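Report on one structure; see the data block that follows.
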Amino acid sequence: MAYQTVSPYTGELLKEYPTATDEEVKKAVDVAHEAFLEWRETPYAQRAQVLQKAADLLRERRTEYASIITKEMGKVIGEAEAEVDICIAMFEDYVRNGEKYLATRTLPSDKYGKDSVQLLFQPLGVLFMVEPWNFPYYQIVRVAAPQLFAGNTLILKHASIVPESAATFVEIFREAGLPEGCFQNLYLSHDQSEIVLADPRVRGVALTGSEVAGAAIAQLAGKYIKKSTLELGGADAFIVLEDADLDKTVAWAVTGRHWNAGQVCCSSKRMIVVDAVYDEFMEKYREGVKQLKAGDPMDRETTLAPLSSAAAKRDLAKQLEEAIAEGAKAEEAGIELPEHGNFFQPTILTEIPAGARCRYTEFFGPVSQIYRVKDEEEAITLANDSPYGLGGSVFTEDLERGKQVAARLDTGMVYLNHPTAVAADIPFGGVKNSGYGHELIDLGIHEFVNIKVVANSPIDGEF
């Protein structure tokens, strides 16, 4: 596996990074464990100071850090800056609330009496992070902020196309005062993941990525009896009911499908529109997509970024060819694309046959699947007819109706009148092939702590 920074806009190879040796991997686990033995004893206030300093550094150098994301995986600079912003917010949520999330709980017991049971929330040890390229900073912080506050230490294996982003966070944490060994980045081969997970001092693994990667890591976690969380792909439904504010809905549909060039697990991939407004929606959606502007992702006028790599472009083109071969109708937006770079022409798929494989796959790029359905009931049935269960949206002016529809969707998250309301203080997680476990708030920090029961039972009590 080659770790390289290659510009998605120009195709230029900017830098290569050497893959770690097996000896370096084993040494990193040694260092992480030794760091854990001290870090777990560090007061909460001191841990909070480190996270706050990391947030401050991101805030002070917002555009500088954002430009590294854009350089490596092609995200437009405004979206990269927004990614930095949510990282700041996640750090600061745990600065404000981390101690509360980990506060000892006291429980009553019918057998042993009031306040006789305590729940202690204690760190586990060394954790392994396997993260993807589409949100190079956000994915790191979503795990690192809670787990460092909890007292765990971390070893990161990042995607091979964002090595500088990974190295950047090592420097940020070092400057923030995090002790050496508490957060390490390793440029690992896939096989070397087993070296990490086989070590008994490594107590868990958090992965965000593809189903294939998730299945491989989950298999290793099971083999070595390690706690794991997985955030995998998605094919989120974007349900449009007849009472939706159509102009605003279409604007969100265009944004929800094309932000980050459509390379978002929880973006709006399957638009399910009731018959009463389908034709009007399609007319407005076509026009909205045609307004996208492809170009240099560092140019603030650009609204459609290149795909992250040449391989991503090839894979998406192959998926589209297969969908057309299955009978789907493909309509290109016809916007002007630069002659260089990994740009992909935005494409709308309609008339997708029942049973077609493409109905059940994730298009990671600017390809929209749009379905006409008779009514709300058919929309819910179609939305749930997916191997994925990450997020979804319901657009309606009747919020109570929207909540009722949301309750019937087989997903981990549903957003009303928004494509993906991701925030630092909203938990994140999916079901089915989209993975398991939660990230953010107290749910995220509790994924990798030992919730220890301490029961005070009278010495002369009954067995």
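Owing to the predicted nature of the structure, the values given are computational and were not obtained by experimental measurement.
A donor-acceptor pair under 3.5 Å links the side-chain atoms of T42 to the main chain of W39, judged by distance alone. Looking only at distances, no side-chain donor or acceptor of W133 sits under 3.5 Å from a matching main-chain atom of S309. Between the side chain of Q4 and the backbone N or O of K15, no donor-acceptor pair lies under 3.5 Å. The backbone N or O of H438 sits nowhere less than 3.5 Å from a side-chain atom of H446 that would complete a donor-acceptor pair. A donor-acceptor contact shorter than 3.5 Å is absent between the side chain of Y94 and the backbone of Q147. With hydrogens and angles disregarded, no donor-acceptor distance shorter than 3.5 Å links the side chain of E376 to the backbone of E242. Side-chain atoms of R203 never come within 3.5 Å of backbone atoms of N152 as a donor-acceptor pair (strictly under, hydrogens ignored). Distance alone, capped at 3.5 Å, places no donor-acceptor pair between the R257 side chain and the P366 backbone. Not a single donor-acceptor pair under 3.5 Å links the side chain of T302 to the backbone N or O of L304. Within the 3.5 Å criterion, the main-chain N or O of A244 finds no donor-acceptor partner in the side chain of K248.
Between K27 and E24 there is no salt bridge, since no side-chain nitrogen of the basic residue lies less than 4.0 Å from a carboxylate oxygen of the acidic one. Salt bridge annotation for R59-D85: absent, with no cationic side-chain nitrogen under 4.0 angstrom from a carboxylate oxygen. By the 4.0 Å N-to-carboxylate-O rule, R201 lies too far from E34 to be salt-bridged with it. At a threshold of 4.0 Å, the pair D243-R401 counts as salt-bridged, since one of the basic side-chain nitrogens sits closer than that to a carboxylate oxygen.
At least one side-chain heavy atom of F428 sits under 4.5 Å from a side-chain heavy atom of L390. Side-chain contact between K157 and L186 is absent, with no heavy-atom pair separated by less than 4.5 Å. V95 is not listed as a side-chain neighbour of D93, based on a closest heavy-atom distance of 4.5 Å or more. Side-chain contact between H158 and Y187: absent, with no pair of heavy atoms (C-beta onward) separated by less than 4.5 Å. Counting only heavy atoms from C-beta outward, the side chains of L349 and I370 never approach each other to under 4.5 Å. Residues D236 and T420 have side chains not in contact (no heavy-atom distance under 4.5 Å, counting atoms from C-beta outward). Residues V277 and V240 form a side-chain contact, since some pair of their non-hydrogen atoms from C-beta on lies under 4.5 Å apart. Within the 4.5 Å cutoff, the side chain of R142 has no heavy atoms near those of the I86 side chain.
Cation-pi geometry between K432 and Y388 is not satisfied (NZ or CZ under 6.0 Å from the ring centre, within 45° of the ring normal).
Scored by the side-chain contact (heavy atoms from CB on, under 4.5 Å) test, L119 finds R105, L107, F121, I451, V453 as partners (sequence neighbours excluded). Shown here are the salt bridge (charged side-chain N to carboxylate O under 4.0 Å, His left out) partners of E23, two or more places apart in sequence or in another chain: there are none. Qualifying side-chain contact (heavy atoms from CB on, under 4.5 Å) partners for M129, counting only residues two or more places apart in sequence or in other chains: E131, I140, V143, L154, L156, F183.
Counting only N and O atoms by type, the side chains of Q46 and Y44 include no donor and acceptor under 3.5 Å apart. Under the 3.5 Å distance criterion, with hydrogens and angles disregarded, a donor-acceptor pair is assigned to the side chains of N433 and E211. Side chains of Y65 and S165: a donor-acceptor N/O pair is absent below 3.5 angstrom, by distance only. One side chain, Q52 or D56, offers a donor N or O that lies under 3.5 Å from an acceptor on the other. With hydrogens and angles left out, the side-chain atoms of S434 and E231 include no donor and acceptor closer than 3.5 Å. A donor-acceptor contact closer than 3.5 angstrom is absent between the side chains of Y224 and D199. Side chains of N185 and Y17: a donor-acceptor N/O pair is absent below 3.5 angstrom, by distance only.
Rounding to the nearest 0.5 angstrom, the gap separating the CD atom in E79 from the OG1 atom in T303 is 9.0 Å. One finds the CG atom of L307 at 4.5 Å from the CD atom of Q263 (value rounded to the nearest 0.5 Å).
The aromatic rings of F281 and F238 are tilted relative to each other, their planes meeting at an angle between 30° and 60°.
Taking each heavy atom of I272 and A237 in turn, the nearest pair found is CD1-CB, 3.8 Å. Closest heavy-atom contact between V31 and G181: CG1-CA, 3.6 Å.
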List the atom pairs, donor and acceptor, that lie under 3.5 Å between side-chain atoms in residues 167-176 and the rest of the protein, sequence neighbours left out.
| residue | atom | partner | partner atom | Å |
| --- | --- | --- | --- | --- |
| T168 | OG1 | E164 | O | 2.7 |
| E171 | OE1 | R174 | NH1 | 3.3 |
| E171 | OE2 | R174 | NH1 | 2.5 |
| R174 | NE | E180 | OE2 | 2.8 |
| E175 | OE1 | R61 | NH1 | 3.2 |
| E175 | OE1 | R61 | NH2 | 3.4 |
| E175 | OE2 | R61 | NH2 | 2.7 |

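For NE2 of H190, the number of neighbouring non-hydrogen atoms (other residues, nucleotides, ligands) closer than 6.0 Å is 12 at most. In E64, the CD atom is crowded: over 12 heavy atoms of neighbouring residues, nucleotides or ligands sit closer than 6.0 Å.
Among residue pairs with one or both ends in residues 114-125, those qualifying as side-chain hydrogen bond (donor to acceptor under 3.5 Å, both in side chains) are Q122-K452; sequence neighbours excluded. Identified under the side-chain hydrogen bond (donor to acceptor under 3.5 Å, both in side chains) test for residues 405-415, with sequence neighbours left out: E377-R408.
Within the 6.0 Å centre-distance limit, the rings of F135 and W259 are counted as a close aromatic pair.
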